[in-house]
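The figures that follow rest on heavy atoms only: side chains count, while hydrogens, waters and symmetry mates do not. To find a chain, count down the sequence lines: A is the first, B the second, and so on, and within it residues start at 1.
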Number of protein chains: 4
Amino acid sequence: MPTKKKPQATPSPERRGELLATAAEVFAAQGYNATTVRRIADAAGMLAGSLYYHFDSKESMVDEILSTFLNELWEGYDAVLDAGLGPRETIEALVTESFREIDRHRAAVAIYQKESQHLAAQPRFQYLADSQQKFEKAWLGTLERGVADRVFRDDLDIRLTYRFVRDTVWVAASWYRPGGQHSPEEIARQYLSMVLEGIALRG
Amino acid sequence: MPTKKKPQATPSPERRGELLATAAEVFAAQGYNATTVRRIADAAGMLAGSLYYHFDSKESMVDEILSTFLNELWEGYDAVLDAGLGPRETIEALVTESFREIDRHRAAVAIYQKESQHLAAQPRFQYLADSQQKFEKAWLGTLERGVADRVFRDDLDIRLTYRFVRDTVWVAASWYRPGGQHSPEEIARQYLSMVLEGIALRG
Amino acid sequence: MPTKKKPQATPSPERRGELLATAAEVFAAQGYNATTVRRIADAAGMLAGSLYYHFDSKESMVDEILSTFLNELWEGYDAVLDAGLGPRETIEALVTESFREIDRHRAAVAIYQKESQHLAAQPRFQYLADSQQKFEKAWLGTLERGVADRVFRDDLDIRLTYRFVRDTVWVAASWYRPGGQHSPEEIARQYLSMVLEGIALRG
Amino acid sequence: MPTKKKPQATPSPERRGELLATAAEVFAAQGYNATTVRRIADAAGMLAGSLYYHFDSKESMVDEILSTFLNELWEGYDAVLDAGLGPRETIEALVTESFREIDRHRAAVAIYQKESQHLAAQPRFQYLADSQQKFEKAWLGTLERGVADRVFRDDLDIRLTYRFVRDTVWVAASWYRPGGQHSPEEIARQYLSMVLEGIALRG
DNA sequence: AATGAATGAGTATTCATTCAT
DNA sequence: TATGAATGAATACTCATTCAT
């Protein structure tokens with residue numbers, strides 16, 4: 001990350017965006033609760049209190065980080081779901097889209113993974129639970145359609161399969177680093193190959 | 001494990017065990033940082049200060065929870081690794097053992113998943129990093145042996161495969177509830193079937 | 001052996017009472033907003049954080065101070081109002097009772113005078129507005145009865161008279177010091193003499 | 001073509017006056033301490049920092065509000081005191097003048113009532129204490145002259161009488177609203193009637 | 001004259017921990 | 001063993017004030 005510029009003539013929405021990116025990085029690295037406002041401010045090169053010129057509270061920072069990410073995620077997902085693809089192609093497209101989001105919003109995804117369950121308890125973060133539900137409906141529905149269409153195996157517990165697919169995709173945010181040796185598309189390709197065909201060599 | 005300095009009389013190990021189980025439950029539900037000592041004490045029916053008769057810090061509680069779990073885990077793992085099985089059978093045994101541990105130490109596993117990365121920074125929790133490394137060596141080595149033996153596919157990035165296998169097993173601790181409709185062995189069986197053979201129906 | 005009953009969840013009411021008296025003194029002297037928790041703690045000989053063992057918040061301290069005072073005040077007032085006295089005797093008894101309360105709860109009365117209007121905006125302090133209304137009803141009703149009975153003058157705006165009587169009584173809390181040269185009863189007597197007969201010498 | 005203003009030397013006194021009136025309104029409504037500079041700025045339609053072009057501190061705003069009010073008050077009082085009236089007429093004139101000031105400077109009077117005691121502690125507000133003393137001298141002196149002249153009763157504690165008269169006049173600022181049903185002169189008349197003759201009906 | 005952004009000192013509150021009883 | 005009361009350091013947040021533009 002390049003060193004921050006002198007705080008001279010910085011326009012407002014850009015500064016906000018910069019600060020949110022900084023905050024997301026720290027939240028992802030240390031966890032939301034363990035992150036002090038002072039640490040974010042340090043990383044941004046300002047004093048703790050100064051953050052409150054831009055944001056109402058620490059909570060509203062995660063809020064903005066998570067909701068921005070989820071909005072963008074669902075734009076991509078909805079496009080896929082509305083495309084009228086078959087079950088296998090839908091799963092492939094959703095997985096690819098997911099890894100792309102992880103690439104673009106790595107920090108936000110990591111925060112989402114670690115904190116969403118505990119944040120969702122508060123009314124303000126209701127949308128996290130809502131999203132989770134939409135998520136489940138989309139994936140589970142596609143898997144069921146695939147079983148009915150004889151594209152996916154029918155001898156597996158479908159909810160187990162769902163959790164299996166869901167978790168492995170998103171947990172990747174904990175180790176993924178943008179600019180590594182694999183592009184998101186390549187990771188998606190290999191991941192899909194494993195999930196769909198298995199890792200055992202076929203005789 | 002050698003007793004700490006604090007308790008002057010003989011603190012009942014049974015009471016300790018009960019209190020640790022209570023603490024683990026709360027840590028798993030709320031996260032280590034977000035859990036106050038007072039909350040643990042509430043759950044145990046005592047006052048916050050009273051816990052310090054049994055433990056010398058909140059940190060030493062997680063410490064004992066995690067090290068107890070890891071000790072037991074490695075007992076099982078080492079037995080498997082020393083049994084001289086083939087790569088596929090080793091993977092099968094490790095996965096089955098892992099789900100058994102999740103069944104027995106669900107709370108500890110959940111804590112391990114959420115907190116180990118951030119705890120491992122402290123010298124006191126060095127053993128978490130050590131364990132992680134032993135872990136990687138065991139799994140990665142087995143996978144590599146499997147590729148060499150033409151039991152596992154050789155067209156996949158092996159580190160990607162490792163992370164994929166590792167994460168899917170352990171992330172199960174976040175949704176697994178003992179006493180559910182599937183036994184740990186059944187979950188292991190289905191999980192292995194997915195990982196090894198894939199979820200796509202073979203033509 | 002005969003042990004004292006030790007209720008578990010009861011923090012010593014005596015200590016609470018002492019601390020509340022200290023807090024009331026400081027609130028009365030400096031104003032609620034201008035009083036820092038640290039100042040109260042200083043006056044009590046402890047650290048700021050320690051107050052939170054006994055009270056939830058600074059707000060709950062004023063709350064308890066004011067509600068305790070108002071409860072006691074209304075006990076006295078209700079006894080007077082239920083006694084079936086004539087209008088003049090009722091006024092006399094209410095005034096005397098008021099100065100007695102000022103004597104007993106000087107600090108609380110001073111706080112009530114300064115802060116009630118601004119505190120009453122919060123739902124928690126709804127009872128302040130309720131009390132104010134009961135207050136007005138009791139005094140205004142008695143004055144009206146007195147006018148009807150030809151005991152009080154009928155050429156005065158009755159609401160003006162009410163405010164005049166009410167304010168003069170309570171504003172005394174700002175200068176009254178217990179143990180001064182006049183007892184509350186003596187102050188009440190002189191005050192009543194002024195209000196009822198006026199300060200001008202009759203020809 | 002708009003004329004260039006002189007740099008930072010001469011801010012428009014009209015704008016100053018407007019801003020002070022706005023500030024006084026807010027101070028009176030919320031209390032000096034509880035009023036934030038930002039709230040005053042909001043009410044004035046500008047940003048908090050912009051107020052510092054006109055005033056050098058929040059404190060200097062109250063200072064100017066209070067001193068302006070007191071200067072005007074003493075102009076009126078001095079005129080009365082220098083007029084050579086008898087004690088009763090002097091009291092009548094002072095009271096009438098006071099209600100006129102309340103009518104004209106309601107906000108300032110309310111601030112004075114609530115905050116003067118606690119502000120007077122600072123050297124900058126020494127004049128508040130001075131005024132208080134002059135005030136006491138004027139009223140107490142007139143009352144004493146009245147007792148000597150056999151115009152006022154001599155069976156009352158004179159200091160009690162002074163506080164009684166003083167407080168009831170000024171406390172009116174807390175409920176008085178300009179443009180109500182009574183003019184300041186009418187309120188003064190009724191108030192004086194109560195104080196001088198009492199509220200009891202004479203047989 | 002006013003803005004946008006920041007400072008720095010403070011404020012209420014939390015919480016792990018201690019310790020006499 | 002456990003309690004009651006306190007400590008002390010940290011925490012999120014507030015606000016009067018500054019200053020370059």
Ile40(A) CD1 - dC13(F) C1' separation (whole Å): 13 Å
Whole-Å distance separating the CZ atom of Phe55(D) from the P atom of dA16(F): 15 Å
Side chain to side chain donor-acceptor pair (under 3.5 Å): pairs with one or both residues in residues 48-57 of chain A, sequence neighbours excluded: none
Residues forming a ring pair (Phe, Tyr, Trp, His ring centres under 6.0 Å) with Tyr32(D), sequence neighbours excluded: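 In terms of ring pair (Phe, Tyr, Trp, His ring centres under 6.0 Å), with neighbours along the sequence ignored, Tyr32(D) is linked to Phe27(D).
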Sequence-distant partners of His105(D), ring pair (Phe, Tyr, Trp, His ring centres under 6.0 Å), two or more places apart: Phe69(D)
Using side-chain hydrogen bond (donor to acceptor under 3.5 Å, both in side chains) as the criterion, list what pairs up with [X], not counting sequence neighbours.
X         : result
Asp130(A) : Gln126(A)
Tyr127(C) : Asp63(C)
Gln113(D) : none

Leu20(A) versus Met61(A), closest heavy-atom pair with distance: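 Closest approach of Leu20(A) to Met61(A), heavy atoms only: CD2-O, 3.8 Å.
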For Ile111(A) against Ala24(A), the heavy-atom pair lying closest together: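 Scanning both residues, the minimum pair turns out to be CD1-O, 3.6 Å.
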Side chain to side chain, Arg124(A) and Glu59(A), heavy atoms closer than 4.5 Å: yes
Check: Ile40(C) and Leu19(C) side chains under 4.5 Å, non-hydrogen atoms: no
Residues from residues 117-127 of chain C lying under 4.0 Å of DNA chain F - heavy atoms: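 Within residues 117-127 of chain C, no residue comes under 4.0 Å of DNA chain F.
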Those residues of residues 21-36 of chain B lying under 4.0 Å from DNA chain F by at least one heavy atom: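 Hits under 4.0 Å, by residue number: none.
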Salt bridge (charged side-chain N to carboxylate O under 4.0 Å, His left out) pairs, two or more places apart, involving residues 18-40 of chain D: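 Of all non-adjacent pairs touching residues 18-40 of chain D, those that pass salt bridge (charged side-chain N to carboxylate O under 4.0 Å, His left out) are Arg15(D)-Glu18(D), Glu25(D)-Arg106(D).
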Within residues 57-68 of chain A, residues whose heavy atoms come under 4.0 Å of DNA chain E: none
Helical stems, DNA chain E - three or more consecutive Watson-Crick or G-U wobble pairs below 3.5 Å: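 Stems found: E:2-21 with F:2-21.
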Partner residues of Glu115(B) under the salt bridge (charged side-chain N to carboxylate O under 4.0 Å, His left out) criterion, sequence neighbours left out: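 Not a single residue meets the salt bridge (charged side-chain N to carboxylate O under 4.0 Å, His left out) criterion with Glu115(B).
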5' priority, DNA chain E, between Ala48(A) and Val37(C) [closest heavy atom]: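 Taking each residue's closest nucleotide, the earlier one in sequence belongs to Ala48(A).
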5'-most by nearest nucleotide on DNA chain E - Asp56(C) or Met46(D): Met46(D)
Of Arg38(D) and Ser50(C), the one whose closest DNA chain F nucleotide lies more 5': Ser50(C)
